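First the structure, in the form of structure tokens, and then the observations on it.
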Amino acid sequence: MDEIKHFLDYLAAERGYSPLTISTYNNSLLSLRHYLDTACEGVAWNVVDIDMLRNWLASCLLSGLDKRTMRKRLSAVRSFYRYLLRMGRVQNDPAHLLSNPKVGKRLPDFLKENEMNALFDSLAYTNDFEGQRNRLLLLMLCSTGIRLSELANMNVENVGLEKGEIKVLGKRNKERIVPFGQELREALLAYLPLRLALYGNALGPLFPRQDKKPLRPDEIRQIVKQHISAVSSIRKRTPHTLRHTFATVMLNHGADIRAVQELLGHENMATTEIYTHVSISDLKEQYAKAHPRAKET
């Protein structure tokens with residue numbers, strides 16, 4: 001277990017991985033360690049070979065683990081063995097020979113544009129702190145495409161009202177600037193005095209709880225789910241759904257994909273390109289519904 005702990009400490013301190021990613025890596029490596037202890041007589045990391053890893057993968061799949069989760073587990077094991085090899089704790093890296101289980105591309109869930117509009121134009125938000133907070137929270141997710149963790153960690157001092165931009169601390173502590181428009185600015189101007197009157201501090205968490213600490217991610221998820229449920233029957237109703245909505249709307253209205261990549265904080269263009277497939281998929285659906293020669297006879 002010491003090797004796993006040292007590896008996770010390295011990811012946190014040297015690579016700046018988020019607590020969520022570190023937790024995923026920890027669960028993946030503990031799963032492998034449990035398998036090695038129970039099925040392979042507790043072999044050490046430097047004795048593990050590719051057959052043992054393949055058998056572990058097979059046992060995970062037989063237990064009902066989906067292929068996407070297996071890809072994440074494999075990524076953790078590959079990173080772990082690269083680390084062990086670099087530290088001189090193993091002589092060989094059996095993980096690099098493993099290939100990912102093939103999975104089909106899954107298009108992200110997102111709100112249709114009329115549903116997104118209904119979220120802000122049709123729902124009634126109270127004028128008190130909670131009502132204005134909820135509207136601002138949803139509008140910020142839809143208007144900027146920031147991640148749940150980035151929203152939860154947002155401070156008042158990260159918001160530039162005059163410039164119309166927010167400073168976002170993203171994955172691996174990478175900072176980026178995201179612009180916003182007049183509607184979000186007006187929502188901020190309505191909310192900030194209510195926040196100040198209630199908490200007495202102009203700085204600190206943008207979305208505080210009663211104890212003045214930031215809203216927890218699970219609390220934000222609940223707010224988002226409740227309000228999306230009022231305007232859509234979409235399967236997933238999470239903050240990431242609104243991030244997907246932001247990207248899809250931007251591309252549908254002609255935004256350059258490189259600009260969307262930068263706004264979302266994606267390191268890899270391939271991650272952003274999935275939204276072009278979403279747009280094409282939506283266009284095909286609309287075409288099939290509307291064009292008389294496209295309908296099945």
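Because the structure is a prediction, the values reported are computed rather than measured.
- Salt bridge annotation for Glu115-Lys112: absent, with no cationic side-chain nitrogen under 4.0 angstrom from a carboxylate oxygen.
- In this structure, the side chain of Arg195 engages the main chain of Pro205 through a donor-acceptor pair within 3.5 Å.
- Residues passing the side-chain hydrogen bond (donor to acceptor under 3.5 Å, both in side chains) test with Glu183, sequence neighbours excluded: Arg135.
- Under the side-chain hydrogen bond (donor to acceptor under 3.5 Å, both in side chains) criterion, Arg54 pairs with no residue at all, not counting sequence neighbours.
- Using a cutoff of 4.0 Å between basic side-chain nitrogens and carboxylate oxygens, Arg89 and Glu3 are not scored as salt-bridged.
- Remark: Phe120 pairs with no residue by the ring pair (Phe, Tyr, Trp, His ring centres under 6.0 Å) rule, at least two apart or across chains.
- Taking a cutoff of 4.0 Å between a charged side-chain nitrogen and a carboxylate oxygen, Asp66 and Arg68 do not qualify as a salt bridge.
- Judged purely by atom type and a 3.5 angstrom limit, Arg243 uses its side chain to pair as donor or acceptor with the backbone of Leu264.
- With no hydrogens or angles considered, a side-chain donor-acceptor pair links Thr238 and Thr241 at under 3.5 Å.
- Atoms CG and CZ, on Asp109 and Arg237 in that order, are 10.0 Å from each other to the nearest 0.5 Å.
- To the nearest 0.5 angstrom, Leu198 atom CG is 9.0 Å from Lys212 atom NZ.
- In terms of hydrophobic clustering, with Ile, Leu, Val, Met, Phe, Trp and Tyr side chains grouped at heavy-atom distances under 4.5 Å, Leu206 and Tyr125 are assigned to a common cluster.
- Enclosure of atom CD in Gln210 is not indicated, since only 12 or fewer non-hydrogen atoms of other residues, nucleotides or ligands lie within 6.0 angstrom.
- Of the N and O atoms on the side chains of Arg15 and Tyr83, not one donor lies less than 3.5 Å from an acceptor on the other residue.
- Asp256 pairs by the side-chain hydrogen bond (donor to acceptor under 3.5 Å, both in side chains) definition with Arg258, not counting sequence neighbours.
- Ion pairing between Glu267 and Lys174 holds under the 4.0 Å rule for side-chain N and carboxylate O.
- Using modelled atom types and a 3.5 Å distance limit, the side chains of Arg78 and Ser75 yield no donor-acceptor pair.
- None of Leu53, Leu30, Asn55 except one satisfies the side-chain contact (heavy atoms from CB on, under 4.5 Å) rule with Tyr35; the exception is Asn55.
- In this structure, a donor-acceptor pair under 3.5 Å is absent between the side chains of Gln226 and Gln222.
- In this structure, the side chain to side chain contact (heavy atoms under 4.5 Å, CB included) partners of Asn158, at least two apart in sequence or on a different chain, are Met154, Asn155, Lys167.
- Every ring pair (Phe, Tyr, Trp, His ring centres under 6.0 Å) that Phe129 has, sequence neighbours left out, goes to Tyr191, Tyr199.
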